[in-house]
Protein chains: 2
Amino acid sequence: MARSPKSAGKGRKLSNFLCFAIYSANLAFGRAYKPLLDKVGLTYTQYIALVALSDEDEQTVGTLGEKLFLESNTLTPILKKLEQMALIKRHRDPADERQVRLSLTPAGRKLIEQDLGGSLREATGLGDDFAVVQKTVSRLRDNLLRATKADD
Amino acid sequence: MARSPKSAGKGRKLSNFLCFAIYSANLAFGRAYKPLLDKVGLTYTQYIALVALSDEDEQTVGTLGEKLFLESNTLTPILKKLEQMALIKRHRDPADERQVRLSLTPAGRKLIEQDLGGSLREATGLGDDFAVVQKTVSRLRDNLLRATKADD
DNA sequence: GGATTATAAATCGTATCCGATCTAATCGGA
DNA sequence: TCCGATTAGATCGGATACGATTTATAATCC
């Protein structure tokens, strides 16, 4: 990844790597959410998946994967776990037996409506920049994915 | 779509979650680096660890972990792999046998000096905002970790 | 000095990610 | 209509993350 133009001496400074800032910020978010999610028995990824599922009922694994930038190899085990916890329902679509439809159970919806991470907005220390950063990082992600897909 | 979503309700939009922007941007960086790192047989985390190790010779697992925000449970297997690839050396510190000292081999240093991710700066599409985003996200990370540690 | 405590790394079990592959179901062209 | 190609999920193996525990060494206290 790109670094600042200056690399005197021995190594490249980690602090100049945007990828490392993102990588470590992701770890930090996971740790910030941990105590909140432990209370309800969810992992970070399970929580994100549940939020995405709250967007719409009867999504397929594929469409959910497009939202989360993940595929069935990662999602299937997570979704089975969420079903096992009675937070979602999974069933094959009768109109196309290849697809699996996903919906929150009342328990799952109730859990999501608690706004579990609400207290974290302040912890980011971003103040009014919160929305700007969110948009900028999303744009960064989209640009990277587009560029990556482009030279396949 | 044949079926109409019965709930429509209150889902929280994933697009409003800063944590998801960071989470997915991290996935995107990993995928952008993948083809570059495959050429040299490194994984994303191994590469980040190697960059951190290029900063200084004779670091311990603990000090490396402070830079990477990781601990020995995660680092030890990665460092053993890097040693096995002859990119670093590991040895117990004679002055304190509890500690393991880490240094790049010439091959490891040579690999890092290639600036493998250089081509990705452009792919971020951030232009002159690159450095600003890098600093803002680092600050976000530090704030989150501080807040998380604070109410332990 | 010997026992207790603290520290550094390693180990172990669980849960992601991800490439590769597999299976089942659907589609499509001759 | 038939059969190969495509598609959607699921499965599998390797590599992180991470809490909890273990081992080995060092520091501290009485």
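None of the values given here were measured: they were computed from a predicted structure. Numbers restart at 1 for each chain; the letters A, B, ... are given by sequence-line order, proteins then strands.
Looking only at distances, no side-chain donor or acceptor of A:E58 sits under 3.5 Å from a matching main-chain atom of A:S103.
For B:S72 against C:dA10, a side-chain-to-base donor-acceptor contact under 3.5 Å is present.
Atom CG of A:L79 is separated from atom C1' of D:dA8 by 13 Å (rounded to the nearest Å). At whole-Å resolution of the value, CZ in A:F69 and C1' in C:dT16 are 18 Å apart. Whole-Å rounding puts the B:E71 CD to C:dT7 P distance at 14 Å. Between the CD atom of A:Q59 and the P atom of D:dG9 there is a distance of 11 Å, given to the nearest Å. In this entry the distance linking CG of B:L75 with C1' of D:dA15 reads 13 Å, nearest Å. We find that CG of A:L70 is positioned 14 Å from P of D:dG9, with the value rounded to whole Å. For the pair A:K149 NZ and C:dC18 C1', the interatomic distance rounds to 14 Å; values are reported in whole Å. For the pair B:R92 CZ and C:dA8 C1', the interatomic distance rounds to 7 Å; values are reported in whole Å.
For the pair A:K80 and D:dT11, the criterion of a side-chain N or O lying under 4.0 Å from OP1 or OP2 is met. Using a 4.0 Å cut-off, no side-chain N or O of A:Q99 falls inside it from OP1 or OP2 of D:dT7. The shortest distance between the side-chain N/O atoms of B:T45 and the OP1/OP2 oxygens of D:dA17 is below 4.0 Å. Phosphate proximity of C:dA10 to B:R90: present, with a side-chain N or O under 4.0 Å from OP1 or OP2. Residue A:K81 places at least one side-chain N or O under 4.0 Å from the OP1 or OP2 atom of C:dA15. For B:T74, no side-chain nitrogen or oxygen approaches OP1 or OP2 of D:dA17 to under 4.0 Å. A close approach under 4.0 Å does occur between a side-chain nitrogen or oxygen of A:T43 and OP1 or OP2 of C:dT16. Taking side-chain N and O atoms only, A:Y23 has a distance below 4.0 Å to OP1 or OP2 of D:dA17.
Set against D:dG9, C:dC18, C:dA10, the side chain of B:V61 has C:dA10 as its closest nucleotide. With D:dT16, D:dT11, D:dG19 as the choices, the nucleotide that has an atom nearest any side-chain atom of B:I78 turns out to be D:dT16.
Annotation: of the two residues near DNA chain D, A:T63 and B:E97, the 5′-most nearest-nucleotide partner is A:T63. Comparing A:N73 and B:D96 along DNA chain C, the residue whose closest nucleotide (by nearest heavy atom) sits nearer the 5' end is B:D96.
A distance of 7.0 Å separates CG of A:L120 from OG1 of B:T148, quoted to the nearest 0.5 Å.
A salt bridge is absent between B:E97 and B:R92; no separation between the charged side-chain nitrogens and carboxylate oxygens falls under 4.0 Å. Here B:D57 does not pair with B:K89 in a salt bridge; the nearest charged N to carboxylate O distance is not below 4.0 Å.
A:Y44 is linked by a ring pair (Phe, Tyr, Trp, His ring centres under 6.0 Å) to A:Y33, counting only residues two or more places apart in sequence or in another chain.
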(request) Let me see the working for A:F69 and B:F20 under side chain to side chain contact (heavy atoms under 4.5 Å, CB included), right down to the final yes or no. (result) CA-CA 11 Å; A:F69 306 99; B:F20 177 67; 3.9 Å; yes

